[in-house]
Amino acid sequence: MKLSQIIGNSGATILHGTPDTEVTAICSDSRKACAGSLFIAIQGTSANGSDFAASAVSNGAVAAVSTSREGLAEMADRFYGHPSRSLKLVGITGTNGKTTTVTLLYDLFRSLGYECGLLSTIANFVGGKRLETENTTSDPISINSLMAEMVEKGCEYCFMEVSSIGVEQKRVHALDFDIAIFSNLTHDHLDYHGTFAEYLRCKKMFFDSLKKDAVAIINTDDRNGSVMVQNTAASVLTYSLRSGADHCCRIIEQSVEGMLLKFDGTEVWTRLIGAHNAYNLTAIYSCALALGAGKEEVLVGISRLSGAKGRLETIPGPDGKMIVIDYAHTPDALENVLKALRDICPERELVCLFGCGGDRDRTKRPEMARIAELLADRILVTSDNSRTEETSAIMDDICKGFSAEGRRKAVCIADRKEAIRAAIQMSGKGATILLAGKGHETYQIIGKTKNRFDEREVVAEIIG
């Protein structure tokens, strides 16, 4: 493709090459430049991409341009042939539930016989092919490259997590979304956004950008749901567990084996547990119907779904104990999981083990302590991904949220493996032990080192 065709009307400035230069690949990282490639330089958070143009050319790039983040997204879209236009593209945003919802949508539509793609925190999938991922929302080049592969492999649908940071950094700019789902908005990412108002604004930008024939699906039980669609051109569908909406769900009963739910008057049993999963499933139900699937086949499909990896994942422990691994790493997510476990196993001792990530939002640390104290019988404060912060300093921040009573039932053990061992050993027979924060992750970052740490493996070793 000629450089001029890729640039289009993005207003990019040519740093190297001519409009007629033939380009066979694109990149925004000079280290990934190769023979025949175009290097697209943007102003990054810590460096100006134009400073690396010469390096890209020395690595084989035949052209280099400077542009905005929007320009990068538009050029990626053009280079890969506008792949999102050839897919039914569904994006979900919100603080909690994104990974579970997109993963279950992917599983549901594959069970209905459709070929699908998935872009999520846990992994990306092109059809049945799994590809590892590092960010909730990838860069525009990776996104469009993956979607082009989905189109080539015959995928009809793509289900995608959309983070507030991804929206703010224009990673989803120029994508053609058919459906956008809003789940909820609670405390997270304030280390990046600065204020809750700015966090909300970035989420809302996703809905502001929707086309007229798109559908916005919002959770009206969250007070920010209506805010999201104030300025959208898309048509709006609502869902709720508590009030009237286009699609309603009620929890009839639940146990450790699952929940009996009623969707728009029809009962269905699901293997998932917790009110937060009832919300996730209602979003999935609403989305599937909006995509044209039949109600009966959708509910049958929902009854067969299992949860995403690292989301309320249970492991039988010694003496009738139940060990639960969950990714809950925000105050709201931790509260949801603890409430779910308390509701379904009210007679069990409930042990909560958690930490907080280093170099991230510090304000949520004492709030998570307050929630753990309110809902758990025993608490173990430990490390998560401490990164370049001292684990002891992070634990001190957490403990500031405990009252005197909370401090009496909390134990601080910096080594996460030893904290898990202590949680299992100190809990009574039949206890429920929540290991919160790591979920699907198979590593722990201490300093700048990424160490192997899969809690499933750790638990298996401890319990023999």
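- The closest donor-acceptor contact from the side chain of His173 to the backbone of Arg171 lies at 3.5 Å or more, if one exists at all.
- Ion pairing between Arg370 and Glu373 fails under the 4.0 Å rule for side-chain N and carboxylate O.
- Within the 4.5 Å cutoff, side-chain heavy atoms of Arg304 are placed close to those of Val300.
- Side-chain atoms of Ser164 do not come within 3.5 Å of backbone N or O of Lys203 as any donor-acceptor pair.
- Asp377 has its side chain out of reach of Val351: every pair of non-hydrogen atoms, C-beta onward, lies at least 4.5 Å apart.
- Side chain of Asp139 to backbone of Ser142: a donor-acceptor contact under 3.5 angstrom is found.
- Side-chain contact between Val337 and Leu334 is absent, with no heavy-atom pair separated by less than 4.5 Å.
- Residues Ile302 and Leu261 are not in side-chain contact: their nearest non-hydrogen atoms beyond the backbone lie 4.5 Å or more apart.
- Heavy-atom neighbours of Arg223 CZ from other residues, nucleotides or ligands within 6.0 Å: at or below the threshold of 12.
- Going from atom CZ of Arg110 over to atom CZ of Phe125 covers 8.0 Å, rounded to the nearest 0.5 Å.
- Here Cys356 contributes atom SG and Asp384 contributes atom CG; the two are 7.0 Å apart, rounded to the nearest 0.5 Å.
- Aromatic pair Tyr80/His82: centroids not less than 6.0 angstrom apart.
- Between Ile6 and Met75, the closest heavy-atom pair is O-CG, 3.1 Å.
- Ring planes of Tyr114 and Tyr157: perpendicular class, angle over 60° (limits at 30 and 60°).
- Other residues, nucleotides and ligands contribute over 12 non-hydrogen atoms within 6.0 Å of the CD atom of Gln230.
- Here Phe159 and Tyr106 keep their ring centres 6.0 angstrom or further from each other.
- For Arg387 and Asp359, the salt-bridge test fails: no basic side-chain N is under 4.0 Å from an acidic carboxylate O.
- One distance of note links CD of Glu74 with CD1 of Ile7; it measures 12.0 Å at 0.5 Å rounding.
- The pair Lys211-Asp176 meets the salt-bridge criterion, since a charged nitrogen lies less than 4.0 angstrom from a carboxylate oxygen.
- When side chains are defined from C-beta on, Val411 does not count as touching Ile379, because their heavy atoms never get closer than 4.5 Å.
- Using a cutoff of 4.0 Å between basic side-chain nitrogens and carboxylate oxygens, Arg311 and Asp326 are not scored as salt-bridged.
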Before you tell me yes or no, could you show the steps for Val90 and Asp178 under side-chain contact (heavy atoms from CB on, under 4.5 Å), namely the whole-Å CA-CA distance, both residues' side-chain angles and the distance that decides it to 0.1 Å? CA-CA 6 Å; Val90 176; Asp178 295 283; 5.7 Å; no
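- For residues 249-281, every residue pair satisfying the ring-ring contact (aromatic ring centres under 6.0 Å, His included) rule, not counting sequence neighbours, is listed here: Phe263-Tyr285.
- Lys153 NZ: 12 or fewer foreign heavy atoms inside a 6.0 Å radius.
- Closest of all the heavy-atom pairs between Ala180 and Leu210 is CB-CD1, 3.7 Å.
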So Ser183 and Asn219, side chain to side chain donor-acceptor pair (under 3.5 Å) or not? Walk me through it. CA-CA 6 Å; Ser183 60; Asn219 172 14; over 6 Å; no
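- Between Lys429 and Glu349, none of the side-chain N atoms (NZ, or NE/NH1/NH2) sits under 4.0 Å from a carboxylate O, so this pair counts as no salt bridge.
- A side-chain donor-acceptor contact under 3.5 Å links Asn277 to the backbone of Ile273.
- Atom NZ of Lys339 has 12 or fewer heavy atoms from other residues, nucleotides or ligands within 6.0 Å.
- The nearest pair of heavy atoms linking Met322 to Cys345 is CE-SG, 4.2 Å.
- The distance from atom CD1 of Ile344 to atom CD of Glu253, rounded to the nearest 0.5 Å, is 13.0 Å.
- The distance between the ring centers of Phe206 and Phe182 does not fall below 6.0 angstrom.
- Distance CD/Glu267 to CZ/Arg250: 13.0 Å, rounded to 0.5 Å.
- Without hydrogens or angle criteria, Thr232 side chain to Val229 main chain gives no donor-acceptor distance under 3.5 Å.
- Without hydrogens or angle criteria, Thr282 side chain to Ala278 main chain gives a donor-acceptor distance under 3.5 Å.
- Under a 3.5 Å cut-off, the side chain of Arg416 and the backbone N or O of Ser383 do form a donor-acceptor pair.
- Note that CD of Glu441 is 9.5 Å distant from OG1 of Thr121, once rounded to the nearest 0.5 Å.
- Salt-bridge check for Asp208 with Arg201: failed, with every basic side-chain N at 4.0 Å or more from each acidic carboxylate O.
- Looking at Leu435 and Phe354, their side chains never come closer than 4.5 Å, going by heavy atoms from C-beta outward.
- With a 6.0 Å radius and a threshold of 12 heavy atoms from other residues, nucleotides or ligands, Lys321 has its NZ atom above the threshold.
- Lys98 places none of its side-chain heavy atoms less than 4.5 Å from the side chain of Ser120.
- Between Asp264 and Lys295, no side-chain nitrogen of the basic residue sits less than 4.0 Å from a carboxylate oxygen of the acidic one, so the salt-bridge criterion is not met.
- Under a 4.0 Å N-O distance rule, the pair Lys309/Glu313 does not qualify as a salt bridge.
- Within the 4.5 Å cutoff, the side chain of Arg242 has no heavy atoms near those of the Thr220 side chain.
- Cation-pi geometry between Lys438 and Tyr443 is met: under 6.0 angstrom from the ring centre, within 45 degrees of the axis.
- At least one donor-acceptor pair under 3.5 Å links the side chain of Thr93 to the backbone N or O of Val162.
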